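In what follows, every chain begins at residue 1, and chains take the letters A, B, ... in the order their sequences are listed. Computed from a prediction, not measured in an experiment: that's the story for all the values here. All values below come from the heavy atoms of this structure, side chains included, with hydrogens, waters and symmetry mates left out.
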Number of protein chains: 2
Amino acid sequence: MLTESEKKTYMFISDYIKQQGIAPTLPEIAAGIGISSKGVIHRYVQALAEKGWITLIPKVHRGIKLTSKALSKAFSLPLLGTIAAGQPIEAIQTHTEIDLASIFAGEGRYLLRVRGDSMIDEGIYDGDMIICQQTTQVHNNDIVIALIDKQEATLKRLQRNIDGTITLIPANPSYSPMTYPAHRVSVQGIFIGLLRVPR
Amino acid sequence: MLTESEKKTYMFISDYIKQQGIAPTLPEIAAGIGISSKGVIHRYVQALAEKGWITLIPKVHRGIKLTSKALSKAFSLPLLGTIAAGQPIEAIQTHTEIDLASIFAGEGRYLLRVRGDSMIDEGIYDGDMIICQQTTQVHNNDIVIALIDKQEATLKRLQRNIDGTITLIPANPSYSPMTYPAHRVSVQGIFIGLLRVPR
DNA sequence: ATTGAAAGTTCTCTAAAGGTTCTCTATGCT
DNA sequence: AGCATAGAGAACCTTTAGAGAACTTTCAAT
């Protein structure tokens, strides 16, 4: 756990290295975060090293290296790279964190478990959970949770037609698109993402 | 059980951490729940720690951490029901909370972006992110991230054969299973789940 | 190879802010 | 009355933040 100043110090060092390709000196860090004493910076840098965020090469000017540990928010996971069959894992050059809070947190987010296979061509399988956002603002071609006649709920791609009707399009050739007058269809939410955790 | 004020305190702390990624100070909590005395907050925070909702690092500023039990409460989404994507059926009202922390949190969890379509019959599509667990303990028939000859990484279902060899089975009829001697295959991690967030 | 400016290291000091420990008061409940 | 819950606030200790002096070391220009 970093203090406010330690975090500022770390972020400055990290940015500096990213831009310049070389670590900053203590006075540079000091100037960068608005401090006049390099002694103070030395203390912060030592603390960062002790906490494992950077490694120091003692006595060497600009002897700061970043460790793999990245600044992560409370709920995030590292995206380490891309895997493609038959190729080495292609490490992502800039270490990326996926902020899970931005995907899952928020008013009106909820999950639904999917039954059936009508969206199978979108890769939405029986048993999957879909992340939904409660909203009335729907764009054409969004995947929506639609309530038909305030009775039947269904997951389909929504298409507004010129004549005011709405067509719900499944992603499975075995099923046919269905067209309804707008007043019979009410959108409960839109599809944000998919979460599948087998077992 | 928590008293009214303890509950308010806890909820403020939990929200604060979720948003800021760092714990609040006692005066901040006090202001947040409309109290002027930090001494009072200290009492509540101690109580929460004793009851196991948070852990405290003594004397450290902002030294409050949510316990894993609390974390899973804070980081969960309601599973509102089941939506049938085939024949339109009504959405169910079984109210369950899905604990996202148990899916995503933990040592050695990371994400990989998938390229290619070799697992398409498992519903793992190009561009999806897979949640992985770094481990060496692999069960037969797990989906694994395997490294072949310490070079090629690939996502396949793993099958141990009686003769000691290992077969990696794709989920796409266009690709064939491949059998290797065990020493050529090293497992980098196992497939925990799938996360897809379009756009 | 020398050398001096810049960088790193080690201190001591100060102040502000956060955490800790009290005591005191009030209110509602049994 | 006795107890649990709530709150105010004073007093005190510790951490965090910062300044800056004094010293040693590195490194690059001469």
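Closest to the B:Arg43 side chain, of the nucleotides D:dA17, D:dG18, D:dA8, is D:dA8. For A:Thr25, the listed nucleotide lying nearest its side chain is C:dG8; candidates were C:dT21, C:dG8, D:dT15. Of the candidates C:dG18, D:dT5, D:dG18, D:dT5 carries the atom nearest the B:Thr3 side chain, counting heavy atoms from C-beta on. For B:Leu26, the side-chain atoms get nearest to C:dT20 when compared with the rest of D:dG18, D:dG7, C:dT20. For A:Lys38, whose side chain is taken as the heavy atoms from C-beta onward, the closest listed nucleotide among D:dA6, C:dG18, C:dG8 is C:dG8.
Side-chain nitrogen and oxygen atoms of A:Ser37 include none within less than 4.0 Å of the OP1 or OP2 phosphate oxygen of D:dG20. Considering only side-chain N and O atoms, A:Ser5 lies under 4.0 angstrom from the phosphate OP1 or OP2 of D:dG18.
We find that OH of B:Tyr44 is positioned 7 Å from C1' of D:dT5, with the value rounded to whole Å. Atoms CG (B:Leu2) and P (D:dA6) sit 10 Å apart, rounded to a whole Å. The distance between atom CD1 of A:Ile22 and atom C1' of D:dA28, rounded to the nearest whole Å, is 14 Å. Remark: C1' of D:dG7 and CD of B:Glu6 are 14 Å apart, rounded to the nearest angstrom. Rounded to a whole Å, the CD atom of B:Gln46 is 14 Å from the C1' atom of C:dG18. Remark: C1' of D:dA6 and CD1 of B:Ile41 are 11 Å apart, rounded to the nearest angstrom. In this entry the distance linking CZ of A:Arg62 with C1' of D:dC27 reads 12 Å, nearest Å. The distance between atom CG of A:Leu48 and atom P of D:dT16, rounded to the nearest whole Å, is 13 Å.
One N or O on the side chain of A:Asn172 and one on the backbone of A:Ser174 form a donor-acceptor pair closer than 3.5 Å.
Each of A:Met1 and B:Ile13 belongs to its own hydrophobic cluster when Ile, Leu, Val, Met, Phe, Trp and Tyr are linked at side-chain heavy-atom distances under 4.5 angstrom.
Ion pair A:Arg115/A:Asp126 flagged as a salt bridge, since at least one NZ, NE, NH1 or NH2 atom sits closer than 4.0 Å to an Asp/Glu carboxylate oxygen.
You'll find the side chain of B:Asp128 stays beyond 4.5 Å of the side chain of B:Leu195, heavy atoms only.
A residue-by-residue look at B:Gly39 and B:His61 shows that B:His61 has its nearest nucleotide of DNA chain C further toward the 5' end. Annotation: of the two residues near DNA chain D, B:Lys59 and B:Glu4, the 5′-most nearest-nucleotide partner is B:Glu4. If you find the closest nucleotide of DNA chain D to B:Val60 and to A:Ile35, the one lying nearer the 5' end belongs to B:Val60.
Side-chain contact check for A:Asp117 and A:Tyr175: at least one donor-acceptor pair (N or O, by modelled atom type) lies under 3.5 Å.
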